[in-house]
Amino acid sequence: WQLFYCSVFGFEASEQFDIADPSGLIQSQVVETTDRSIRIALNASQRDSTSAMRFVSRYYGGGTQQLAFVTDDIVATLCKLETNGLELLPIPQNYYDNLEARFGLKPEMLETLRRHNILYDQAGHGEFFHAYTRTFADRFFFEIVQRRNYDEFGLVNAPIRLAAQARLI
């Protein structure tokens, strides 16, 4: 599929990387427009039990599993969505203890992240905040993203999301 997106749409491809799923490794590669306004993660695995392959086999070989939306204020966006009844993916509390140890975040910030199930990463001088909805109709989910001078994909948090989703299956 990577060749399709690159040759037909002129997307650029990232290097392939592995993501740890509770049931095995997922190979992931991102294709994106040169201005990075559109990014598509292409995922596959040798193990049928991984989340990527369960989705592919269940839905006739492919489809959209996740849509991400960018916001300038993730906390305000999530507050509005939660007020309207949207359920976020619950993130294990020990994840936030790990964040405190890794980044030395202020207690108020950690509490805000914890309260809204927001995942966090830093790279260089940039920060990345993202949260996920629960899966709808066992088919797809949404991600809400805020970037502050951060151009990565939050790869370090993928195993956390996958484990949290696996707990709800």
>> Holding to ring-ring contact (aromatic ring centres under 6.0 Å, His included), I want the full list of residues that pass it with Phe136, two or more places apart in sequence or in another chain.
In response: Phe140, Phe142
> Do the rings of Phe9 and Phe11 sit parallel, tilted or perpendicular, given the 30° and 60° boundaries?
Replying inline: tilted
> Could you walk me through whether Phe129 and Arg147 pass the side chain to side chain contact (heavy atoms under 4.5 Å, CB included) check?
Replying inline: CA-CA 6 Å; Phe129 304 84; Arg147 297 173 186 276; over 6 Å; no
When rounded to the nearest 0.5 angstrom, what is the spacing between [atom1] in [X] and [atom2] in [Y]?
X: Arg39; Y: Glu32; atom1: CZ; atom2: CD; result: 5.0 Å
X: Glu12; Y: Thr33; atom1: CD; atom2: OG1; result: 8.5 Å
X: Ile144; Y: Asp73; atom1: CD1; atom2: CG; result: 12.0 Å
X: Phe17; Y: Leu155; atom1: CZ; atom2: CG; result: 5.0 Å
X: Gln16; Y: Leu42; atom1: CD; atom2: CG; result: 10.0 Å
X: Tyr95; Y: Leu110; atom1: OH; atom2: CG; result: 10.0 Å

Where do [X] and [Y] come nearest, in terms of heavy atoms and distance?
X: Ala13; Y: Gln29; value: CB-NE2, 3.9 Å
X: Glu127; Y: Tyr150; value: O-CB, 3.2 Å
X: Arg115; Y: Glu82; value: O-OE2, 4.5 Å
X: Arg134; Y: Pro90; value: NH2-CG, 3.7 Å
X: Leu105; Y: Leu113; value: CD1-CD1, 3.9 Å
X: Ala20; Y: Leu25; value: CA-CD2, 4.0 Å

> Does any donor atom in the side chain of Tyr120 or Asn157 lie under 3.5 Å from an acceptor atom in the other side chain?
Replying inline: no
Listed by chain and number, what are the side-chain contact (heavy atoms from CB on, under 4.5 Å) partners of [X], not counting sequence neighbours?
X: Asp72; result: none
X: Thr135; result: Phe141, Gln165
X: Asn98; result: Arg102

> Are the side chains of Ser28 and Asp18 in touch, meaning some heavy atoms are under 4.5 Å apart?
Replying inline: no
> Any side-chain heavy-atom pair from His130 and Ile118 closer than 4.5 angstrom?
Replying inline: no
Is it true that [X] and [Y] fall in one hydrophobic cluster, defined by side-chain heavy atoms closer than 4.5 Å?
X: Leu99; Y: Phe128; answer: no
X: Ile160; Y: Val156; answer: no
X: Ile38; Y: Val70; answer: no

Return yes if some donor-acceptor pair links the side-chain N/O of [X] with the main-chain N/O of [Y] below 3.5 Å, else return no.
X: Arg114; Y: Pro92; answer: no
X: Thr71; Y: Gln146; answer: no
X: Thr112; Y: Glu108; answer: yes

> Can you name the one residue among Glu143, Arg167, Arg161 that meets side-chain contact (heavy atoms from CB on, under 4.5 Å) with Leu89?
Replying inline: Arg161
>> Tell me which one of Thr133, Leu78, Ile91 satisfies side-chain contact (heavy atoms from CB on, under 4.5 Å) with Asn117.
In response: Ile91
> Can you name the side chain to side chain donor-acceptor pair (under 3.5 Å) partners of Tyr96, sequence neighbours left out?
Replying inline: none
> Who are the side chain to side chain donor-acceptor pair (under 3.5 Å) partners of Asn94, not counting sequence neighbours?
Replying inline: none
> Stepwise, does the side chain to side chain contact (heavy atoms under 4.5 Å, CB included) test hold for Phe103 with Asp121?
Replying inline: CA-CA 9 Å; Phe103 299 116; Asp121 191 29; 3.7 Å; yes
> Under the side chain to side chain contact (heavy atoms under 4.5 Å, CB included) criterion, do Ile74 and Val145 qualify, and how do the steps go?
Replying inline: CA-CA 7 Å; Ile74 194 166; Val145 173; over 6 Å; no
